[in-house]
2 protein chains.
Amino acid sequence: MFKIGEVARLSGCSRETIRHYEKLKLLNPPRRAANGYRYYDETAIKRLGFIRHGRSLGLDLQTISELLALAEHPDSDCASADRIARHHLERLEERIASLERLADELRSVVVQCGGGRVADCRIIEALFDARYEAE
Amino acid sequence: MFKIGEVARLSGCSRETIRHYEKLKLLNPPRRAANGYRYYDETAIKRLGFIRHGRSLGLDLQTISELLALAEHPDSDCASADRIARHHLERLEERIASLERLADELRSVVVQCGGGRVADCRIIEALFDARYEAE
DNA sequence: GCTTGACCCTGCAATGATTACAGGGTTTAG
DNA sequence: CTAAACCCTGTAATCATTGCAGGGTCAAGC
């Protein structure tokens, strides 16, 4: 049985975040000691690891919550999990492509200024230039 | 002279966003007609274009505000603009590299499930797997 | 016994950028 | 004259998290 601070250290989520997940019903309310302290078991830590891992992959809490719901029915079909992951991968690839375009544009804009005047600055100029308006 | 709706159409920022920028002092308070309507000139539209362009590059409003302040002093040194842009480019490149790693992991996780049981699902399994804990 | 510091609790406000109301007033075209 | 399309203000929502105020509790050392 672990207090919230230990769980925070073990799971990598802050105490505030853990209480927040409880409020959002991503985590079952843990047992409480007589003094009101939360006490957790290992499954809560695993669950927090799952959430953290999902977050680090850029999944939102809603999506993670869906995956957790799936994980609670081990005998059901995993096609949904597959669909969710594939969908997320697609969005991720789009996002990367879009950031690559932006980096290209920034690179083309970041030139040697060597102490020039703002009036001649390509960076400022480029930002005022409507030709490159994005998505 | 343009009303806020026209400015919204011309600049690509919504009316709410324009009023929001005014509140954040990114935009000078425009002239008001007797009925209280905001009236803008072309410089406001240019400024909004600058902000939108910056946002589309992933700059935050604080950064954009700094660049706008620079742009207002055309005779000063543009080294600051250069530094801001380079710094942002670096962060962007880091972000892209990190997203690439995530996409790789997701790709390795998204395998054919073909109607398997959740209990055997690689996706769920991988999310529970602490080995891949990220940044 | 008593202080100190490390914990824990609740509930609410902040972040950043935007969007979405609610609850009004004004203008314009039919 | 009325309906639609505009405008106004102010406030609250979004998302995921963090921070704070204002408490209570616990273990160790004096």
Side-chain angles (χ1 to χ4, degrees), chain A residues 1-27 29-40 44 47-68 88 91-92 95 98 102 134-135, chain B residues 1-27 29-40 44 47-68 88 91-92 95 98 102 134-135:
Chain A
M1 286 305 197
F2 308 93
K3 282 190 281 189
I4 197 169
E6 303 170 271
V7 174
R9 270 189 295 279
L10 290 166
S11 70
C13 304
S14 76
R15 273 176 313 216
E16 326 257 7
T17 301
I18 295 170
R19 287 194 277 255
H20 181 62
Y21 287 170
E22 181 183 332
K23 217 175 290 172
L24 299 185
K25 297 184 197 295
L26 272 155
L27 227 50
R31 259 157 246 146
R32 297 288 188 129
N35 56 17
Y37 286 16
R38 289 170 176 82
Y39 275 87
Y40 297 90
R47 207 173 161 92
L48 279 168
F50 186 103
I51 297 172
R52 220 175 98 79
H53 196 182
R55 286 291 298 137
S56 82
L57 288 172
L59 300 170
D60 59 22
L61 292 180
Q62 176 56 42
T63 304
I64 291 169
S65 156
E66 287 165 26
L67 288 170
L68 278 167
H88 185 67
R91 282 199 326 228
L92 188 55
R95 177 106 187 98
S98 147
L102 302 184
E135 25 254 78
Chain B
M1 286 305 197
F2 309 94
K3 282 190 280 187
I4 197 168
E6 302 169 271
V7 175
R9 269 188 296 278
L10 290 167
S11 70
C13 303
S14 76
R15 273 176 312 212
E16 328 257 7
T17 300
I18 295 170
R19 287 194 278 253
H20 181 60
Y21 288 168
E22 181 182 332
K23 215 175 293 172
L24 299 185
K25 299 185 196 292
L26 272 155
L27 227 49
R31 260 156 245 146
R32 299 287 189 131
N35 55 16
Y37 287 17
R38 290 169 176 82
Y39 275 88
Y40 297 89
R47 207 175 162 91
L48 279 167
F50 187 102
I51 298 172
R52 221 175 98 79
H53 197 182
R55 288 290 300 136
S56 83
L57 288 172
L59 300 171
D60 58 23
L61 292 180
Q62 176 55 42
T63 304
I64 291 169
S65 156
E66 288 166 26
L67 289 171
L68 278 167
H88 185 67
R91 284 200 326 230
L92 188 55
R95 176 107 187 99
S98 147
L102 303 183
E135 19 258 79

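Just so we're on the same page: letters track the sequence lines, and every chain starts at 1. All figures in this text were calculated on a predicted structure; none of them were measured in a lab.
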> Nearest to the side chain of B:R15, heavy atoms from C-beta on, is which of C:dT10, D:dC6, D:dT9?
D:dC6

> Any chance CZ of B:R31 has more than 12 other-residue heavy atoms, nucleotides or ligands included, within less than 6.0 Å?
no

> Output all residues satisfying side chain to side chain contact (heavy atoms under 4.5 Å, CB included) with A:R55, sequence neighbours left out; order by chain, then residue number.
A:Y21, A:I51, A:L61, A:I64

> Among all residues two or more places apart in sequence or in another chain, which pass the side chain to side chain contact (heavy atoms under 4.5 Å, CB included) test with B:E66?
B:Q62, B:I84

> Which heavy atom of A:I18 sits nearest a heavy atom of A:S11, and at what distance?
CD1-OG, 4.3 Å

> Let me know the distance between CG of A:L27 and P of D:dA16, rounded to the nearest Å.
15 Å

> Can you check whether A:R38 has a side-chain N or O nearer than 4.0 Å to OP1 or OP2 of C:dC7?
no

> For B:S65, give me all partners under side chain to side chain donor-acceptor pair (under 3.5 Å), at least two apart in sequence or on another chain.
none

> Quick test of your reading: applying salt bridge (charged side-chain N to carboxylate O under 4.0 Å, His left out), list the pairs with at least one residue in residues 2-19 of chain A, sequence neighbours left out, ordered by first then second residue.
none

> Go through D:dT11, D:dC7, C:dC21 for me and flag the one nearest to the B:I4 side chain.
D:dC7

> Starting at the 5' end of DNA chain C, which residue's closest nucleotide do you reach first, B:S14 or A:R32?
A:R32

> Categorize A:R19 for me: base, sugar-phosphate, or nothing, with a 4.0 angstrom heavy-atom threshold over every strand shown.
base

> Please round to the nearest 0.5 Å and tell me the distance separating atom CZ of A:F2 and atom CG of A:L10.
6.0 Å

> Rounded to the nearest 0.5 Å, how far apart are CZ of A:R47 and CG of A:L27?
6.5 Å

> What are the atom names and distances for every N/O pair under 3.5 Å that joins the protein to nucleotides 25-29 of chain C?
| unit_1 | atom_1 | unit_2 | atom_2 | d |
| --- | --- | --- | --- | --- |
| C:dG25 | N2 | B:Y37 | OH | 3.1 |
| C:dT26 | O4' | B:Y37 | OH | 3.4 |
| C:dT27 | OP1 | B:N35 | ND2 | 2.9 |

> Calculate the interatomic distance between B:K23 atom NZ and D:dT11 atom P; express it in whole Å.
9 Å

> Take the protein atom OH of A:Y39 and the nucleotide atom C1' of D:dT25, then report the distance between them rounded to whole Å.
10 Å

> Using atom CD of A:E16 as one end and atom C1' of C:dT10 as the other, report the distance to the nearest whole Å.
11 Å

> Evaluate the side-chain proximity of B:L48 to B:Y40: yes if any heavy-atom separation is below 4.5 Å, no if none is.
no

> Less than 4.0 angstrom between a side-chain N/O of A:T17 and OP1 or OP2 of D:dA16, yes or no?
no

> Report each atom pair, protein N/O against N/O of nucleotides 15-17 of chain C, whose distance is under 3.5 angstrom.
| unit_1 | atom_1 | unit_2 | atom_2 | d |
| --- | --- | --- | --- | --- |
| C:dA17 | OP1 | B:L61 | N | 3.0 |
| C:dA17 | O3' | B:R55 | NE | 3.2 |
| C:dA17 | O3' | B:R55 | NH2 | 3.1 |

